[in-house]
Participant: 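Attaching a single structure in structure tokens format; questions to follow.
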Amino acid sequence: WLVAVCLCAQQNVNYDESKVPAYILPNLLQANNGEKITSATQWETQRRPELLELFASQMYGRTPEDNIDVAYEIVTENPNAMDGKVTSKQVRFIFSNGKKKIEALLWMYIPNKPTGKMPVFVGYNFKGNHSTTFDTTVLYSPAFHLVKEPDHPDWERGNQANRWSYDKIIDRGYAIATMCYHDIYPDNPELRDHSIVSLFPEYDPEVIAPDEWQAIGAWAWGSSRIVDFLETQEKIDSDKIAIMGHSRQGKAALWAGAQDERFRIVISNDSGCGGAALFRRKFGETAAVINKNFPHWFCKNFRQYNDKEETLPVDQHQLIALIAPGKVYVASAEEDLWADPRGEFLSAYLAGPVYRLYGLTTIDSGEMPALHKPIMRDIGYHIRAGKHDVTEYDWECYLDFADKHFK
Ligand code: GCU
């Protein structure tokens with residue numbers, strides 16, 4: 001606790017609602033030339049591209065237009081996993097540019113019943129595929145040795161199994177696909193050369209251009225490659241793909257959903273600063289703090305907004321609006337003040353006008369709901385008791401939201 005207090009004092013972090021500055025958000029439905037946006041078509045042709053460009057050039061960096069080769073190899077397939085309830089599958093992704101290769105491993109559970117196509121949740125794990133389950137057939141994620149020394153407790157199987165309610169997900173008729181995010185971009189500024197970013201033609205190990213993508217951009221890109229693979233899978237209904245991202249992966253999930261409409265449901269779990277939380281509130285983690293602690297997450301241009309959030313040309317309600325007409329769900333945890341629960345809620349609420357252009361249902365009050373009273377419209381939200389984490393309760397809400405939209 002003392003350490004946290006010192007850190008906050010040092011980094012000047014505000015946890016006092018009365019100290020949130022008065023702010024004016026950039027307009028969602030007014031184009032750069034001043035024109036009012038009044039239809040979904042106009043949003044899609046005029047305003048949406050403007051905002052995407054701003055998020056790319058000023059915050060997450062540009063996703064390259066060129067493609068690199070991606071090959072998939074089924075490494076294991078077990079039709080009798082979990083006492084015959086599911087088929088487990090391990091798939092090696094091989095990314096290459098002809099000169100250099102990077103490998104990633106996808107872990108999947110596909111319920112054996114019903115026999116038809118089924119919806120799927122996609123989500124990265126933080127500590128390797130082996131951390132999500134006690135299943136001993138899971139191979140170690142290829143990049144994990146780059147980030148964890150050999151005797152680290154994170155090599156233990158199932159060390160984050162509590163975050164993956166596999167039984168529940170499967171019993172409710174969903175497939176699930178997970179990959180370790182380090183396989184796409186090992187989460188360390190020194191390891192850029194081991195990331196998929198290093199395979200693209202514009203990569204220069206010595207130089208990072210101001211609008212060049214970094215780790216969050218790469219993670220978002222990687223989740224779209226998982227979708228490419230899922231589209232080849234007979235048992236997967238590719239019109240029913242949901243992405244769930246926690247924290248830094250919640251940031252990446254929102255950015256993925258903004259760019260790739262194949263994610264029909266986008267779920268942000270405690271994504272906070274640079275995810276769902278409004279920057280202009282300067283509550284909890286801020287641009288300056290995140291850029292200092294994680295210099296490899298956002299593009300370099302983003303640093304110019306350190307302590308000047310009010311000059312950002314965008315704010316995060318606009319990121320959420322970019323996901324429309326895809327369904328979106330934002331979740332917060334009461335004790336996770338670092339992620340600014342109110343700021344996360346407000347973004348979900350304030351993205352509403354764009355969803356309404358599509359005739360979709362939104363959060364109708366700017367008052368936060370009580371704990372454990374989820375809002376399940378085309379935009380969803382909940383705040384639960386407890387800390388920064390992914391809990392069984394969170395998964396129950398995501399499954400209810402997915403049932404509502406997919407079943
Ligand atoms: C840190 C970081 C957050 C991030 C979180 C996480 O706390 O400051 O921005 O969301 O890690 O990924 O768990």
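One-based numbering, in listed order, for ligands and for the atoms of each.
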Participant: Any salt bridge between Asp183 and Arg92, counting N to O under 4.0 Å?
Facilitator: no
Participant: Knowing that exactly one of Phe406, Trp395, Tyr398 qualifies, which makes a ring-ring contact (aromatic ring centres under 6.0 Å, His included) with Phe121?
Facilitator: Trp395
Participant: When you look at CD of Glu156, are more than 12 heavy atoms from neighbouring residues, nucleotides or ligands closer to it than 6.0 Å?
Facilitator: no
Participant: Using ring centroids (six-membered ring only for Trp), state whether His246 and His388 fall under 6.0 Å.
Facilitator: yes
Participant: Check each N or O atom of ligand 1 against all protein N or O atoms and list the pairs under 3.5 Å, with atom names and distances to 0.1 Å, one per line.
Facilitator:
unit_1	atom_1	unit_2	atom_2	d
ligand 1	7 (O)	Trp338	NE1	3.1
ligand 1	8 (O)	Glu285	OE1	3.1
ligand 1	8 (O)	Glu285	OE2	2.5
ligand 1	8 (O)	Trp338	NE1	2.9
ligand 1	9 (O)	Lys251	NZ	2.8
ligand 1	9 (O)	Glu285	OE1	2.6
ligand 1	9 (O)	Glu285	OE2	3.4
ligand 1	10 (O)	Ser247	OG	2.6
ligand 1	10 (O)	Arg248	N	3.4
ligand 1	10 (O)	Lys251	NZ	3.0
ligand 1	11 (O)	Arg248	NH2	2.9
ligand 1	12 (O)	Ser247	OG	2.8
ligand 1	12 (O)	Arg248	N	3.0
ligand 1	12 (O)	Arg248	NE	2.5
ligand 1	12 (O)	Arg248	NH2	3.3
ligand 1	13 (O)	Ser247	OG	2.7
ligand 1	13 (O)	His388	NE2	3.1

Participant: Does the gap between the ring centers of Phe95 and Trp221 come in under 6.0 Å?
Facilitator: yes
Participant: Looking at Arg377 and Asp364, is any side-chain nitrogen of the basic one under 4.0 Å from a carboxylate oxygen of the acidic one?
Facilitator: yes
